[in-house]
Amino acid sequence: MKKLFLLDGMALIYRAHFALSKSPRFTSNGLNTSAVMGFTNTLLDVLKKEKPTHMAVVFDTDAPTERHTDYEHYKAHREAMPEDLAKALPYVIKVILGFNIPVITSDGYEADDIIGTLAKKAEKKGYQVYCMTPDKDFAQLVSENIRIYKPARMGNEMEILGVKEVLEKWEIERVEQVIDILGLWGDAVDNIPGIPGIGEKTAKALIKQYGSVEEIISHSHELKGKQRENVEQFAEQGLLSKKLATILLDVPVELDEEGLEICAPSKGLLEPLFAELEFRTLGKRVFGDDFSITEMKSVSVQTDLFGEPVATARNTMTVDVEDIYEDNIIAAKNIDNVPHEYHLADTLEKRVELIDILLQQQTICFDTETTGTDANHCELVGLSFAVKPGQAWYVPVPANQDDAKSIVTEFKPVFEHKQIGKIGQNIKFDILMLKWYGVEVQGDLFDTMMAHYVIDPDTRHGMDILSENYLNYKPVSITALIGPKGKNQGNMRDVEIEKIKDYAAEDADITLQLKSVFEPKLKQVESEKLINEIEHPLIYVLADMEYEGVKIDHNTLREFSKELETDIAKLEKTVYDKAGVRFNIASPKQLGEILFEKLMLDPKAKKTKTGQYQTGEDVLLSLAAKSDIVRDILDFRQLQKLKSTYVDALPQMVNPKTGRVHTSYNQAVAATGRLSSVNPNLQNIPIRTERGREVRKAFIPRDSDHSIVSADYSQIELRIIAEISKDANMMQAFINNLDIHTATAANVYGISPDEVTSDQRRNAKAVNFGIIYGQSAFGLSQNLGIPRKEAADIIEQYFAQFPGIKQYMSNTMNFARENGYVCTLMGRRRYLRDINSANATVRGFAERNAINAPIQGSAADMIKIAMINIHRELKAQKLDARMTMQVHDELVFDVPNHEIELVKPIIMHNMKTAIKTEVPILVEIGTGLNWLEAH
DNA sequence: TGACACACGC
DNA sequence: GACGTACGTGTGTCAT
């Protein structure tokens, strides 16, 4: 296949320059080569990875163009080009020539116009066309088969967008609307304003409603207040902005197919250039590992751009190009063009009929419609059911809660039928919702969200996106029913029933269909066991925990809050006195200005990327010696955080119906397999500092006849590393039940455990920690505040002492490179798309994930299994003890006092034996009147 | 309203 | 030799 790449030269250079300008790279002769290096790297990425057959780089000429009606602005823009960027330009041209890539200069047109026109022409001739250009401007081109290529940026792998992705990104229906949005918003060309007061969001909404800038202007009388005023006053400007955003697709430029054919790079041109610019690594990428610049250092580079003969052999680099992107132009199916039977079951008779049908099924798919997204705080609006593709029912539920309950109760035989499997999307929500209406869902579960999470944890699992990706079906959007999210968003209850019927029935229908797509996929990725034995059963456990909630002691918190308030006020006053001025200490911006401009605490203060001074904890700590004001500021911050995030926020989360806080565990966000907790987040309650820990006193048992029991795995991740790697030294340390960090330190520093100093233990602990979280030597040095070299030395010693761990790491990485994924003990997969990336940053990220995912993920598997087994046993023995919280390696229970001694061994045994290991698993268990005492 | 800086847990 | 370095949730500030 012919594959044409069109690059906007100036855009690339600018982009490369600004990406690298934070740490400009100077050669020994003083030339800042950051832009050249960035450009060359991107070029190499394109060539090596995408293997185009044809290519061209397009440069703007310095003449006014059709699009730049405002030439003064254009000139200013050009003149503002930084000096070093201007210097880089000739070198970039040399690079391009060295690679034998044709250059096209735009004569009176923008580079984008040339690219656009060429792209269209090439497309007609059967090319697959890619346009490399900054994100926004090219959107309209994708209206056909042309793809937008975005080079790798810091921390991001390169990205290729087709029409589908662009529409999704812009949240619109038609690609042409991008131009109108840009026109209105004014973000098309630097400094050319659109219509004042209209940002991205407003522009999108208005364009969606009216279709184009012109339409909005002619309907301006329908707008209100300031917006109307602005649209009327700045109509001209809006139109101009749109014009500037529009790419011309018919400029007079010929597609010279032969001339654009790509051929091998010229060694004669590139070698001396790379030598001059001291591009060792880039040279190696192009010419292989024996490339060296040392012996050519003295070779002067031809200054005449066109004087050097171009390499004669025009042997193309063409390789078979596999087109991995399937044709995404196919119009998505939707409710209007796919046959379906969606019934409304709004009478007793119809419901009876429906229930009869449902009771005959082996599995049913259901969904609930509610007034909100928090199952603990909202009400049921309706139920929907599906039993075969294209056929679904919607059962409205009245607002009167007693009537609602009785209708839900009619369906009890279905929901509570153990032999009828239940399918849903994020079914925990629905189970929880029904619990509040007195229904205990039973039977095997199949959650499409969890299925997709297990299949590919790193991606998104929302129903809409799954539907579009796997069924090529675009569901009715929720915003079409209740409006865009925000404070004015409506409520499902206010939507007319016919619309809800379609929406709700469709949801159940889609979910049912997704199940049949995911079932074989689960088999394919060998994750059936994982989902059937862990994730699906866990849903019931989590639903019970969330429903149960935790009791909070208001009095403790109220008093603590008062205490904090006076302390904060005191600290505030001290800080003001020491600074000599009142300011908002909670504002990093103001704080930075006071510390570094008024008090001049550090003349070399670092700034953040937005130009503010950094005022993070480690920065402030390094200043502690210079002024005691920083101590007060740090204390202020700590107390303020405690007060606002925990002490004052927790009581507000208490559910008035139960007087308890009901967190929500998200089972499908953390790619490693861990859970996360929201509303409130119970997984980040303070513990490290004396005062912070106090918050845990407020987590109490339901009454005086109960106690809190807390059980946590000791060093679970390190034990898992030992288990997976079978490293003899580390296994021995655990078998001997040594303090693992001390044992590590003893090994690393070659001394006996009792000689280990606290600093050495701290270092060893940090290394252990770093391995668990996939840190690098840099991360370690930051963590410990030691030079990178020293950190690297410690790590080296560590690996020498624990060779099994080193072996595990390289084995895992090799496995990932070959298979593209890594696995936990229970077979949970994580796909690492970037593991073979040419970009070292991106690849490094994937490599750390490769090592980290099996460890963290196995620990997550283990505690999940323990939770399921404990839950089952508590139920089987009809105990009143309840599991209430999970904090990654800790489980918390609310237990009747007389059951404590009975329950403890159950917890202990199930946690220890969740996964069979050679390394001993240690569980620490405690009891108390509150969480702090129990922990 | 969204981006940012910061801080909490594991 | 530089890039930029665990994740997830929540808070307050500030510019729009």
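None of these values were measured; they are calculated from a predicted model. To find a chain, count down the sequence lines: A is the first, B the second, and so on, and within it residues start at 1. What's counted below: heavy atoms across the whole structure, side chains too, no hydrogens, waters or symmetry copies.
Residue contacts for A:Asn783: at a heavy-atom cut-off of 4.0 Å it reaches no nucleic acid atom on any strand shown. Among the atoms of the strands shown, only primed sugar atoms or phosphate atoms (P, OP1, OP2) are found under 4.0 Å from some heavy atom of A:Ser677. When heavy atoms are screened at a 4.0 angstrom cut-off, A:Asn666 is found touching no nucleic acid atom at all. Among the protein residues, A:Gln590 comes within range of the sugar-phosphate backbone only, with heavy atoms under 4.0 Å from sugar or phosphate atoms but none that close to a base.
Atom P of B:dC4 sits at a distance of 15 Å from the matching atom of C:dG4, rounded to the whole Å. Atom name P, nucleotides B:dC8 and C:dA2: the rounded distance is 32 Å, in whole Å. Using atom C1' as the reference point in both B:dG9 and C:dA6, the two lie 13 Å apart (nearest Å).
With sequence neighbours excluded, the residues satisfying ring-ring contact (aromatic ring centres under 6.0 Å, His included) with A:Phe769 are A:Tyr773. Applying the ring-ring contact (aromatic ring centres under 6.0 Å, His included) criterion to A:Tyr831, with sequence neighbours excluded, gives A:Tyr821. Taking the ring-ring contact (aromatic ring centres under 6.0 Å, His included) definition, one finds that A:Phe560 meets it with nothing, sequence neighbours left out.
Of the possible donor and acceptor atoms, none in the side chain of A:His377 sits under 3.5 Å from a partner among the backbone N and O of A:Ala375. Put simply, the side chain of A:Tyr613 never gets that close to the backbone of A:Leu591: no donor and acceptor are under 3.5 Å apart.
The distance from atom CG of A:Asp374 to atom P of C:dT9 is 15 Å, rounded to the nearest whole Å. Whole-Å rounding puts the A:Ile721 CD1 to C:dA6 C1' distance at 13 Å. Between A:Ile771 atom CD1 and C:dA6 atom C1' there is a gap of 13 Å when expressed in whole angstrom units. Distance A:Leu639 CG to C:dT11 P: 17 Å, rounded to the nearest Å.
Taking side-chain N and O atoms only, A:Ser587 has a distance below 4.0 Å to OP1 or OP2 of C:dC14. OP1 and OP2 of C:dG12 both lie 4.0 Å or more from every side-chain N or O belonging to A:Lys589. Note on A:Thr645: every side-chain N or O is 4.0 Å or more away from OP1 and OP2 of C:dG10.
Considering CG of A:Asp712 and CG of A:Asp889, their distance stands at 5.5 Å, rounded to 0.5 Å.
Residue pairs meeting the ring pair (Phe, Tyr, Trp, His ring centres under 6.0 Å) criterion with at least one member in residues 678-699 of chain A, sequence neighbours excluded, are A:Phe699-A:Trp931.
Within the 4.5 Å cutoff, no side-chain heavy atoms of A:Lys606 are placed close to those of A:Phe596.
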- Note on the structure: Expected string for nucleotides 3-10 of chain B under the B/S/- scheme (protein heavy atoms, under 4.0 Å, primed atoms plus P, OP1, OP2 as sugar-phosphate) is -SSSBBSB

- Intra- and interstrand pairs of DNA chain C - dot-bracket, Watson-Crick/G-U under 3.5 Å, | marks other strand: ......|||||||||.

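Taking every side-chain heavy atom of A:Ala670 into account, C:dG8 is the closest of C:dG10, C:dA6, C:dG8.
With hydrogens and angles left out, the side chain of A:Arg788 and the base of C:dG1 share no donor-acceptor pair within 3.5 Å.
Under a 4.0 Å N-O distance rule, the pair A:Glu694/A:Arg691 does not qualify as a salt bridge.
One side chain, A:Gln886 or A:Gln683, offers a donor N or O that lies under 3.5 Å from an acceptor on the other.
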